[in-house]
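Notes follow the structure.
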Amino acid sequence: MSTTAELLKGAAELFPDEVVTQAHVRHLELPRGAGTFALITLDNGLDHTKPTTFGPQSLANLSTAIDQVEAEAKDGKIVGVGVTGKPFIFAVGADLKGVELLKRHEDALAIGKGGHDVFKRLAALAVPTFAYYNGAAMGGGVEVGLHCTYRTVSKAIPAFSLPEVFLGLVPGWGGCALLPNLIGADRAVSVIIENSLNQNRQLKGKQVFELGIADAIFEGADFLEQSLGWTASVLTGETQVSRPEVDRGEAWDQAVERGRFIADSKVHGAAPAAYRALDIISAAKNGDLRQGFDAEDQALADLIMGGELRSGIYAFNLVQKRGKRPAGAPDKSLARPVNKVGVVGAGLMASQLALLFLRRLEVPVVLTDIDQERVDKGVAYVHGEIDKLLGKGRINQDKANRLKAAVTGSLDKAAAFGDADFVIEAVFEEMGVKQQVFAEVEAVVPEHAVLATNTSSLSVSEMASKLKHPERVVGFHFFNPVAVLPLLEIVRGERTDDAALATAFGVAKKLKKTAVLVKDAPAFVVNRILTRFLGEIQNVIDEGTPVATAEKAVEPLGLPMSPLVLLELVGPAIGLHVSETLAAAFPDRFTVSENLAAVVKAGKRGFYVYDSGKPELDPEVVALLKQGDVVLTEEQVRTRVLDAVAREIGIMLDEGVVAEAQDIDLCLITGAGWPFHLGGITPYLDREGVSERVNGKRFLAPGVASVPAA
């Protein structure tokens with residue numbers, strides 16, 4: 001029994017729920033008389049929507065297939081070997097379900113070595129090898145192809161990436177060592193570091209080819225046939241594959257430094273994966289693949305046993321599983337059909353909502369406002385965005401015409417909403433205004449219509465309290481920018497009925513949003529936590545701590561932006577309004593910063609100016625600040641902020657604002673861009689001991705977003 005087989009057999013026992021991928025070998029006669037060719041197809045036997053992954057048994061199956069073609073290559077029975085996937089999917093990497101269960105460093109090391117040992121055999125075959133990226137390829141799926149001599153890619157490929165750094169790993173089966181030696185360090189840094197840390201940005205087939213990862217690109221309809229024809233031309237010498245020489249000089253070092261700058265700007269040194277990947281890329285400059293593979297094995301094992309990966313997998317599962325099956329959602333059979341949508345308001349937020357409903361539901365959408373100029377501006381915005389989609393080739397002219405025709409505006413609510421099934425308001429954030437709007441809408445809509453509010457902090461129950469039918473009012477809180485952030489907080493008022501709620505969840509699904517059921521509590525989830533977080537930062541600044549110290553204090557969390565830059569993105573006026581709402585509801589924990597109020601009164605959009613190309617404190621804002629004489633250290637600020645957040649989350653869970661801590665994390669990841677490597681916030685608070693210090697217990701059970709006890 002080989003060392004590889006022993007490694008994989010031992011590891012397989014740790015992956016009891018592995019969805020096993022088979023590696024089927026079939027023989028083809030290539031055109032042009034090129035000879036007999038062995039094609040290995042990766043297939044897990046499930047439908048094309050279920051990705052093919054590599055667990056220990058799957059790797060063993062691939063190794064067995066390689067045994068066969070290896071013997072045939074030595075005997076001269078075949079002229080080459082190809083690897084492809086089932087329809088629409090090539091392979092998407094390691095089986096993360098098993099990885100998160102590993103408890104020992106040596107087991108994690110075995111996974112790295114096992115994958116390397118199998119994939120390296122493709123490069124060692126006596127005949128040329130070809131990878132045919134026919135569909136989605138990620139992680140180990142990309143890497144198995146990198147070990148081949150040649151690669152082709154489909155123009156129709158929807159997603160291609162090395163996402164490991166995004167999850168808290170490194171591309172550990174050859175990616176860090178092979179990719180820079182194939183396409184150069186700078187391009188490899190873009191794929192491995194930059195794309196991963198930009199919310200796991202995916203490549204399309206054309207980009208894969210242009211980067212030099214693939215040697216040829218073909219249409220999706222007859223991709224395999226075209227790839228085999230191209231393969232024959234390569235084997236007969238008719239086609240010569242040339243690749244640019246890789247620059248192993250100063251450009252390589254500059255690429256690694258660029259990667260470190262990207263990592264610093266995104267995670268601020270708080271997450272190790274990007275830096276471990278860059279170390280391997282740096283060392284790969286000498287072209288020593290064996291040394292690179294060994295370094296990948298060690299980094300992979302170390303990171304698998306670290307909290308970042310466990311949090312990353314936890315976050316991935318939240319988004320992919322819990323986000324698609326919302327906790328507490330009512331029976332979907334209760335949902336009513338929505339064939340027309342009304343939007344009250346025609347400002348920027350309302351117009352963004354109209355565009356979203358129009359594109360996803362493809363039903364008539366009508367906007368209303370207080371004057372024709374506003375209505376016309378809202379409709380014009382939607383038309384303009386549709387024209388942009390047309391210009392980019394995202395939709396054709398016929399669809400653009402149909403969408404434009406489906407969005408209208410009116411000053412007459414009765415005419416606009418008389419046959420609407422779902423009406424959402426996006427007007428000024430003031431209770432009296434919203435109550436008046438709903439009263440006007442209720443008077444003209446059908447009895448079955450659902451009335452939704454996009455309020456960010458006000459009580460849905462109070463908003464509905466003066467209506468004849470408060471049971472059909474539901475909170476439908478989007479996050480800005482509407483087209484980008486996936487989260488939709490669906491708020492159940494005290495009298496919201498199951499039918500209205502089910503309809504809201506049904507609409508959310510069609511909008512392709514991540515819906516989380518939230519109790520009607522001040523500021524709901526994301527705004528409440530962010531206000532507590534930002535509020536403590538503002539408090540320590542007001543008390544006398546320098547702005548730079550307060551900002552730097554939370555860098556170890558690796559957040560995508562500093563607190564005051566986040567406040568600028570949210571908008572100081574909105575931040576002030578939410579803090580006033582929460583201070584009124586919970587005066588013992590929330591405050592209203594006088595300095596923030598002064599910034600808003602002065603019409604400032606934030607604390608910083610960017611005249612020099614980087615953020616610098618606005619002198620006019622500095623002149624407004626009134627500070628005390630209590631100066632805290634970075635560590636003291638961080639402790640105070642994290643303690644406040646942990647306390648607030650504990651209270652929210654006790655109040656039943658959401659079903660579980662997992663929903664808190666899902667909201668922060670999808671609504672506030674909280675990093676995957678944190679798993680939201682509760683895994684970090686558990687890992688740092690904050691949860692137990694503040695609340696006397698962890699938010700998550702041991703083994704959830706953490707290494708299980710051995």
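When reading the values below, keep in mind they use all heavy atoms of this one structure, side chains included, and skip hydrogens, waters and symmetry mates.
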### Message
As a test of understanding, state which of Arg647, Arg589, Arg640 forms a salt bridge (Lys or Arg N to Asp or Glu O under 4.0 Å) with Glu536.
### Response
Arg640

### Query
Is it true that a side-chain atom of Asp107 and a backbone atom of Leu102 form a donor plus acceptor pair closer than 3.5 Å?
no

### Query
How many angstroms lie between CG in Leu678 and CG in Leu668, if you round to the nearest 0.5 Å?
9.5 Å

### Message
Take a 6.0 Å sphere around CD of Glu635 and say whether it holds more than 12 heavy atoms from other residues, nucleotides or ligands.
### Response
no

### Message
Looking at every heavy atom in both Glu551 and Val565, which two are closest together, and how far apart are they?
### Response
OE2-N, 4.4 Å

### Arg528 and Glu489 ion-paired at < 4.0 Å
no

## Note on the structure
In short, His677 meets Arg687 closest at the heavy-atom pair O-NH2, 4.1 Å

### Message
Working to the nearest 0.5 angstrom, can you tell me the gap between Leu197 CG and Ser265 OG?
### Response
8.0 Å

#### Entry: Other residues, nucleotides, ligands: >12 heavy atoms within 6.0 Å of Lys552 NZ
no

### Query
Do the side chains of Leu567 and Gln538 get nearer than 4.5 Å, heavy atoms only?
yes

### Task
Give the ring-plane orientation class for Phe357 versus Phe478, where under 30° counts as parallel, over 60° as perpendicular and anything between as tilted.
perpendicular

### Query
Within the distance-only criterion (no hydrogens, no angle test), does the side chain of Asn44 pair as donor or acceptor with the backbone N or O of Val19 below 3.5 angstrom?
no

### Task
Count the heavy atoms belonging to other residues, nucleotides or ligands that lie under 6.0 Å from CZ of Arg605, then report whether that count exceeds 12.
no

### Query
So with a 6.0 Å cut-off around CZ of Arg394, is the heavy-atom count from everything else above 12?
no

### Query
Looking only at side chains, do Asn527 and Ser457 share a donor and an acceptor under 3.5 Å apart?
no

### Task
May I have the step-by-step check of side-chain contact (heavy atoms from CB on, under 4.5 Å) for Arg258 and Glu194, ending in yes or no?
CA-CA 9 Å; Arg258 183 174 75 88; Glu194 187 172 20; 3.1 Å; yes

### Task
Find the distance between CG (Leu96) and OG1 (Thr53) and round it off to the nearest 0.5 Å.
8.5 Å

### Message
Could you tell me if the side chain of Phe422 sits less than 4.5 Å from the side chain of Leu361, heavy atoms only?
### Response
no

### Message
Between Ile89 and His48, is the side-chain contact (heavy atoms from CB on, under 4.5 Å) condition met? List the steps.
### Response
CA-CA 7 Å; Ile89 291 179; His48 66 81; 5.5 Å; no

## Note on the structure
Between Asp686 and Phe699, the two heavy atoms sitting closest are OD1-N, 2.9 Å

### Query
Hey, what do you get for CZ (Phe160) to CD (Gln202), rounding to the nearest 0.5 Å?
10.0 Å

### Query
Could you give the distance from NZ (Lys513) to CG (Leu356), rounded to the nearest 0.5 Å?
5.5 Å

### Task
Fit a plane to each ring of Phe524 and His477, take the angle between them on a 0 to 90° scale, and name the class: parallel (under 30°), tilted (30 to 60°) or perpendicular (over 60°).
tilted

### Query
So, for Ala270 and Leu557, which heavy atoms are closest and what is the spacing to 0.1 Å?
CB-C, 4.1 Å

### Message
Can you tell me if Phe316 has over 12 outside heavy atoms packed within less than 6.0 Å of its CZ?
### Response
no

### side-chain contact (heavy atoms from CB on, under 4.5 Å), paired with Val658, selected from Asp663, Leu666, Ile649, Asp665
Asp663

### Query
Looking only at heavy atoms, which two atoms of Gly671 and Phe479 are closest? And how far apart?
O-CD2, 3.7 Å

### Task
Can you see which heavy atom on Met463 is nearest to which on Lys434, and at what distance?
CE-CD, 3.6 Å

